[in-house]
Amino acid sequence: MAEAAAAPRTGGGTADDRPARRRFTAEEYERMGAAGILHEDERVELIDGEIVHMAAIGSRHAGCVNFLNEWSVVGLAGRGVVAIQNPVRLSSDGEPEPDLALARPRADRYAGSHPGPEDLFLIIEVADTTLGYDRDVKAPRYAAAGIPELWIVDLEGERVLVYRQPRDGRYQYEAVIGRDGTLAPAAFPDLILTVAELFA
């Protein structure tokens, strides 16, 4: 017995009609960089297997990152590695490039591989036009990976959003520190930051 012919489509496609996206692993992403498909000066990062273009760095953003670099290098005094806008490996399909990461000392200074969650003390993102993306997209992924502490410097609001204690894909501790406050990484309580200095 012949099967009934399929009913013709009448338009109004569904989500299943859309082309599938090609997702990449972190290894594939790094190979694209090594092969020159992604250029060294191209501002991209890997989020959930998708290559995402990052916002251009304005002068205020750059100045804040420069300050954080000096503050952390001087304050750590060899107790950790300071990585500025370098990749961190969160998962098999996640390799963001935070503005600053404080990592455990390692003899090869991470020349052999990017730091992973077990290597990291603190990640700092500086948000000029990207607060929503850093808070709503990247922060949950940092929490899911077990990054112990995240700061988001909100340049527009002149405040720092602090996240600690990742559990079950969420940070259990959240605080907002205004420009009149101070804070320090949980791993280095002596490394005190005066928030107002971020917004000079």
Side-chain angles (χ1 to χ4, degrees), residues 43 45 47 54-90 94-106 109-110 114-167 170-200:
R43 287 189 45 77
E45 57 187 357
I47 303 293
M54 296 188 290
I57 296 176
S59 58
R60 193 176 184 204
H61 183 287
C64 183
V65 172
N66 290 340
F67 171 81
L68 286 166
N69 181 34
E70 183 178 359
W71 163 80
S72 54
V73 168
V74 171
L76 280 176
R79 295 178 289 168
V81 173
V82 180
I84 301 297
Q85 296 168 344
N86 285 340
V88 298
R89 175 72 67 86
L90 294 187
E95 196 168 288
E97 296 188 13
D99 288 302
L100 184 142
L102 302 185
R104 299 180 189 283
R106 205 167 84 179
R109 297 183 183 89
Y110 296 96
H114 299 310
E118 68 281 358
D119 301 308
L120 295 163
F121 297 115
L122 169 68
I123 280 179
I124 302 177
E125 295 283 4
V126 176
D128 194 348
T129 60
T130 60
L131 177 61
Y133 177 69
D134 291 333
R135 182 189 59 215
D136 302 333
V137 175
K138 295 181 81 171
R141 284 149 183 83
Y142 289 139
I147 302 301
E149 186 166 8
L150 165 68
W151 296 356
I152 300 176
V153 179
D154 176 10
L155 293 177
E156 186 67 27
E158 297 195 341
R159 59 184 183 157
V160 179
L161 312 182
V162 178
Y163 302 88
R164 293 176 178 153
Q165 300 168 11
R167 188 169 69 243
R170 296 185 60 187
Y171 284 107
Q172 306 303 305
Y173 172 90
E174 298 181 16
V176 179
I177 311 298
R179 65 174 295 131
D180 295 333
T182 60
L183 69 157
F188 302 102
D190 62 307
L191 188 55
I192 297 171
L193 174 71
T194 301
V195 173
E197 293 183 277
L198 295 168
F199 311 113

Spatial distance of atom [atom1] ([X]) from atom [atom2] ([Y]) [nearest 0.5 Å]:
X: Arg141; Y: Asp136; atom1: CZ; atom2: CG; value: 10.0 Å
X: Ile123; Y: Ile147; atom1: CD1; atom2: CD1; value: 4.5 Å
X: Arg159; Y: Asp180; atom1: CZ; atom2: CG; value: 14.5 Å
X: Leu161; Y: Glu174; atom1: CG; atom2: CD; value: 8.5 Å
X: Asp154; Y: Arg179; atom1: CG; atom2: CZ; value: 12.5 Å
X: Ser72; Y: Leu122; atom1: OG; atom2: CG; value: 9.0 Å

Q.
Is it true that, when you exclude Gln165 itself, more than 12 heavy atoms of the residues, nucleotides or ligands shown sit nearer than 6.0 Å to its CD?
A.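 Correct, the count exceeds 12.
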Taking all non-hydrogen atoms of both residues, which atom of [X] and which atom of [Y] are closest, and how far apart?
X: Pro148; Y: Pro166; result: O-CD, 3.8 Å
X: Pro185; Y: Leu191; result: CD-O, 3.2 Å
X: Pro115; Y: Pro87; result: CD-O, 3.8 Å
X: Asp134; Y: Val126; result: OD2-O, 4.1 Å
X: Gly78; Y: Pro105; result: O-CG, 4.2 Å
X: Glu197; Y: Phe67; result: CB-CZ, 3.5 Å

Does any N or O in the side chain of [X] come within less than 3.5 Å of the main-chain N or O of [Y], such that one atom is a donor and the other an acceptor?
X: Glu158; Y: Phe199; result: no
X: Asp119; Y: Gly116; result: yes
X: Arg60; Y: Asp128; result: no
X: Arg79; Y: Leu76; result: yes
X: Gln172; Y: Arg170; result: yes

Any heavy-atom pair between the side chains of [Y] and [X] that's under 4.5 Å?
X: Leu183; Y: Trp151; answer: yes
X: Gln85; Y: Val65; answer: yes
X: Val88; Y: Pro96; answer: yes
X: Tyr142; Y: Glu149; answer: no
X: Val162; Y: Val176; answer: no
X: Leu68; Y: Leu198; answer: yes

Q) Taking the six-membered ring for Trp, are Phe121 and Phe188 parallel (under 30°), tilted (30 to 60°) or perpendicular (over 60°)? A) perpendicular
Q. Going through the checks in order, is the side-chain contact (heavy atoms from CB on, under 4.5 Å) test met by Glu125 and Asp99?
A. CA-CA 5 Å; Glu125 295 283 4; Asp99 288 302; 3.5 Å; yes
Q: Check the pair Val82 / Leu102 against side-chain contact (heavy atoms from CB on, under 4.5 Å), numbers first and verdict last.
A: CA-CA 5 Å; Val82 180; Leu102 302 185; 3.9 Å; yes
Q | Salt bridge flag under 4.0 Å for residues Arg106 and Glu118 | A | no
